[in-house]
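Contents: one structure, followed by commentary.
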Amino acid sequence: MLKQYSFEETAVQTFDDKTSLAMKTENLQVFYGANHAMHDADLAFPKNQITALIGASGSGKSTYLRSLNRMNDGIATVTGKIWYHNVDINEPTVNIYEIRRHIGMVFQRPNPFAKSIRENIVYALRANGLKNKAELEERVEKSLRGAALWDEVKDSLDKSALSLSGGQQQRLCIARSIAMEPDVLLLDEPCSALDPISTVKVEETLLELQKKYSIIIVTHNMQQAARVSSQCAFFHLGHVMEYTPTGTMFSNPQIPVTQDYIAGSFG
Amino acid sequence: MNAKRTDFLATVVINLIVATVVGILVFLLAYILISGLPHVSWSFLTGTTDAFSGAGGIGVQLFNSFYLLILTMLISVPISLGAGIYLAEYAKDNWRTSLIRSAIEVLSSLPSVVVGLFGFLLFVVKFKIGFSVISGAIALTFFNLPLLTRNIEESLSAVSRSQREAGLSLGLSKWKTEIGIILPVALPGIVTGIVLSAGRVFGEAAALIYTAGQSAPVTNFGDWNPMDPASPLNPFRPAETLAVHIWKVNTEGLANNAAQLSAAASAVLIIAVLLFNLGARLLGNFLYRRVTASK
Ligand SMILES: Nc1ncnc2c1ncn2[C@@H]1O[C@H](COP(=O)(O)OP(=O)(O)OP(=O)(O)O)[C@@H](O)[C@H]1O
Ligand SMILES: [Mg+2]
């Protein structure tokens, strides 16, 4: 039997005006039909930092993350505000395609297109009007370097992306996202299908990428959250319970539910 | 019975069933080819038919069959592609969509004679187009659309959701995602569907008797202007196809070698269908490799 924790007792940090923020949500609620899967999420994400979202399975991490770039459109009802550059991008009038070019996403299971490695990266760029060959080539190299994949694939850019290993595919998906030069990168358990070596590579990639991008990553792996993130939010049954700097979260959690989760004595 | 024994028995039974199916097919093919091929000659393949007795070559009919097939495909593939994409990607799960699905199902179960008579009354009589390639092609389109639409919808739906999400998350529109990312992956399935329906169209007689007509006027193969009445490309001329010709020679052929004529024409029909299938598959594989960079 799951232990009952009060949803009233939360510890969610806020940031003062001096911290520049990449994104922020206010009162975010998500409903899958009658299932109220996300309650009142108020989170702010500092620029050029990695924020980890942790919590048990079914706690609403993916639900929350997918709301941030409107991937829940047509799947769930999302209410509340999502601030991005002083615009509430949860408004129905917002151009979601434009938004997704600024807020990229990498999924749990690697999902490269059934195309060549090069085409995986340039397809969306071309669709968005970038036609210059030299520039496209440059983006291919830059994004593959950014995702720490360049050295492994530079001689086989015309090979099918599906011939890569799982870890390489996931880094290709990261490269594909950053080739769009987004501002914010959302990652939903990007390493859960990868072996430890590939995981380390992806983590190194993320640490490098935070210089240019703001990153929000869902992870099941607490060591991973501790290794890569600066801020950490803990989700429980559709509620954000605690949000603190990662160091604090793991050394000195503020409320019982987080303490139990971190200690592994949950439920 | 232990697992090993069960496996062994099941394998034997399955192999027997497969062997039966293949055996029937081989027997049919061999029978048709052996009885028909000896009567096939170059002059038979290119010659013209005597309008009265039905004797003579099948050059015009062979051309008509291919021309009608291509015209039908040109009309039906784009329409069913649109309908298939709509059903797979845009249609909401509501009563209107199920109405569309049932309509497609009903259309696909219409007997081809009915489709033919409908085409006859509407295009040939009412619109006064007359027995013509175009009337036949439209009738065959009716007959073709439901199967192709279903096939395209299923091939598209079989592509993983995660591919769609990848496209959308890059800011691609639904349409661009569907056309540029999902369609190439679904291509082999779609090509199979097109090949199968092409085989049906090529062998179809009932729907064409009253639409494309039963006469194959001699055409001038030096004249490729589709507007000229004598041009083989003119879509408004009557065009008896090979399948219709076989039916006609068998039912009302007055030539004294009618049996040989129809056997030979059947052999040619089968070879043409096989060649067409092979060609379409090669083309499909080539396209698939091109768009997916797979070896
Ligand atoms: N597409 C969907 N349709 C309906 N309900 C959904 C859908 N996706 C998630 N849910 C529900 O929302 C709740 C939160 O799920 P979510 O996937 O966000 O959890 P999660 O924290 O990401 O879990 P995990 O760690 O297993 O990925 C669950 O109760 C789930 O049943
Ligand atoms: Mg999840």
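Chain letters run A, B, ... following the sequence lines, proteins first, then strands; residues in each count from 1.
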Can B/Thr292 and A/Glu119 be said to form a side chain to side chain contact (heavy atoms under 4.5 Å, CB included), step by step?
-> CA-CA 9 Å; B/Thr292 63; A/Glu119 199 61 21; over 6 Å; no

Tell me the closest heavy-atom pair linking [X] and [Y], and the distance in Å.
X	Y	answer
A/Ala114	B/Gln163	N-OE1, 4.0 Å
B/Leu172	A/Ala127	CD2-CB, 3.5 Å
B/Ser169	A/Asn69	CB-ND2, 4.5 Å
B/Ala166	A/Phe113	CB-CE2, 3.6 Å

Most heavy-atom pairs under 4.5 angstrom with chain B, which of A/Met180, A/Met71, A/Arg70?
-> A/Met71

For the candidates A/Glu98, A/Arg176, A/Arg118, which exhibits the highest count of non-hydrogen atom pairs separated by less than 4.5 Å from chain B?
->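 That would be A/Arg176.
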
Neighbour count above 12 (heavy atom, 6.0 Å) for [X] [atom1]:
X	atom1	value
A/Lys131	NZ	yes
A/Arg139	CZ	yes
B/Asn15	CG	yes
B/Phe8	CZ	no
B/Arg290	CZ	no
B/Lys174	NZ	yes

Side chain, backbone, both or neither of [X] within contact of chain B (heavy atoms, under 4.5 Å):
X	value
A/Asn95	neither
A/Met105	both
A/Pro112	backbone

Supply the atom-to-atom distance B/Ser160 OG to A/Arg109 CZ, rounded to the nearest 0.5 angstrom.
->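 It is 8.0 Å, given to the nearest 0.5 Å.
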
Would you say the side chain of B/Lys176 lies within less than 4.5 Å of the side chain of A/Tyr97, judging by non-hydrogen atoms?
->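 A side-chain contact under 4.5 Å is absent here.
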
For the residue pair A/Arg101 and B/Leu170, establish whether any side-chain heavy-atom pair is separated by less than 4.5 Å.
-> no

Quick one: of B/Thr177, B/Val159, B/Ile181, who has the most non-hydrogen atom pairs under 4.5 Å with chain A?
->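 Maximum pair count with chain A is reached by B/Ile181.
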
Which residues satisfy the salt bridge (Lys or Arg N to Asp or Glu O under 4.0 Å) test with A/Lys211, sequence neighbours excluded?
->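 Per chain and number, A/Lys211 pairs via salt bridge (Lys or Arg N to Asp or Glu O under 4.0 Å) with A/Glu208.
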
Got a salt bridge between A/Arg66 and B/Glu165, using NZ or NE/NH1/NH2 to carboxylate O under 4.0 Å?
-> yes

